[in-house]
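In what follows, every chain begins at residue 1, and chains take the letters A, B, ... in the order their sequences are listed.
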There are 2 protein chains.
Amino acid sequence: MRPAAEQVTQSLRDEIMSGAIASGTRLGEAELAVRLSVSRTPVREALSRLAAEGLVELTPHRGARVATWSEEQLREIFELRLRLEPYAVRQAVPRLHSDQLDQLDELAEAMIQNRSLDRLVDLNRRFHGMFIDAAGSLPLAGALKAVTHAAVVHQNFADYTPDAMHRSLNHHVEMVAAARAGDGDWAEAVMRAHLYNARATMIGGPL
Amino acid sequence: MRPAAEQVTQSLRDEIMSGAIASGTRLGEAELAVRLSVSRTPVREALSRLAAEGLVELTPHRGARVATWSEEQLREIFELRLRLEPYAVRQAVPRLHSDQLDQLDELAEAMIQNRSLDRLVDLNRRFHGMFIDAAGSLPLAGALKAVTHAAVVHQNFADYTPDAMHRSLNHHVEMVAAARAGDGDWAEAVMRAHLYNARATMIGGPL
DNA sequence: CTCAGCAAGTTTGCATACAACCCGCCCGTC
DNA sequence: GACGGGCGGGTTGTATGCAAACTTGCTGAG
């Protein structure tokens, strides 16, 4: 059996990212310990790690809450993503093997076929994660992970207009095509457009 | 008295950043607990947080070591800094008040006067930190903190040639001048040059 | 009626005890 | 003599108990 702390971390991460636990919800240690059938110690450990990832906010003697982001912070996060994620895609392109490209195509296709919004969030996270991992830079991956978490949690595909959703799904397909062509510039440009499109529906333009 | 875990975190962070504990050193929980006169619990908490900051590496059942960075990772870290820190400086310029500018001048001047290398590391960290904080973006500050930590730990001013050191110190002064002039473009450019200069002495060029 | 002060209850923070796991060494076997 | 298995020491991972801090609701004075 795997370490308890890690399992707790994963469980909470999934629940937060999938939206099962809403932003701002209070996370009592004892309550979580009972619910997950472990003691408070690994729960504390897990909360500490998630706080490091930026998924929960931890204030001394006042416990943990699921992180919340102001509109201003979301804007700043997109600014960061725009500086890092297109670069990551560019680095990833020459490193992607054909089987990975196939996987990416499958993910992009699955997102188009898919109808469940919950599943869409997960597929989307895996799609972006594959590019980030393929970039092959641990520091870059670490910096982006914290930053994209926020976007994932806050991402409400229900807010997407049909047009915006259509664009987003096509961006995924186009990005894989660019990668398959070995054209880093192209892929990078598509990722930029992808992020601007997402930002437009989430916070409505640059201001 | 302040919370024990926080004090332990701060102590270890200082010791690692100042180089008092070398890169790769094993950090036994029991040993640290005795040395800092606390139990293992807050020590574990501290190690967990420092791992999140990227200062220590934590492997399951095998304990903690002070983080080490390969030359490849250092290269990637500089790539990240080059994308984020000049941008941070640009954002900071219009937000810096005159008393903060005075402080920055004092730091830059102190670095010139200073002869102790240990003190230089601390002054340099505070100088860069002020710009990052002034940028006013928590997500940006978080991303940069993890990334600059590595550079600070690995920074060996003893490796600087007199010329490189002279350039570095002058960059600081010039950056404050640019900020005082309210010229974000100028300040950003100086920071770029500052980072390239540092990279050249630390890993020797882009490759 | 409002607000300051306080007291009970709940929650976090720390210490200690126990269990699980990893590493190194020894011994036995091939 | 070399290699594989296992046994012991030591370290990390988890559970539990207790002390300190915060929150909340009440009470009484203004």
Below 3.5 Å between N/O atoms, which protein atoms pair up with nucleotides 17-19 of chain C? Just atom names and distances, please.
none

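In this view, B/Arg125 and B/Asp14, B/Met17, B/Asp122 satisfy the side chain to side chain contact (heavy atoms under 4.5 Å, CB included) rule, not counting sequence neighbours. Residues satisfying the side chain to side chain contact (heavy atoms under 4.5 Å, CB included) criterion with B/Ala108, sequence neighbours excluded, are B/Phe127, B/His172, B/Val173. In this structure, B/Gln73 has no side chain to side chain donor-acceptor pair (under 3.5 Å) partners at least two apart in sequence or on a different chain. By the side chain to side chain contact (heavy atoms under 4.5 Å, CB included) test, A/Arg35 pairs with A/Leu12, A/Glu15, A/Ile21, A/Leu32, sequence neighbours left out. With sequence neighbours excluded, the residues that form a side chain to side chain contact (heavy atoms under 4.5 Å, CB included) with B/Glu79 are A/Tyr87, B/Arg83, B/Arg199. Looking at residues two or more places apart in sequence or on another chain, you find no side chain to side chain donor-acceptor pair (under 3.5 Å) involving A/Asp159. Looking at residues two or more places apart in sequence or on another chain, you find a side chain to side chain donor-acceptor pair (under 3.5 Å) between B/Asp105 and B/Arg180.
For residues 51-60 of chain B, the side chain to side chain donor-acceptor pair (under 3.5 Å) pairs, not counting sequence neighbours, are B/Arg13-B/Glu53, B/Glu53-B/His149. Among residues at least two apart or in separate chains, side chain to side chain donor-acceptor pair (under 3.5 Å) pairs with a member in residues 130-144 of chain A are A/Ser137-B/Glu76.
Within residues 41-63 of chain A, the residues approaching DNA chain D are A/Thr41, A/Pro42, A/His61, A/Arg62, by heavy-atom distance under 4.0 Å. Within residues 21-39 of chain B, the residues having any heavy atom closer than 4.0 Å to DNA chain C are, in order of number, B/Val38, B/Ser39.
Between A/Arg44 and B/Glu45 there is a salt bridge, with a side-chain nitrogen of the basic residue lying less than 4.0 Å from a carboxylate oxygen of the acidic one.
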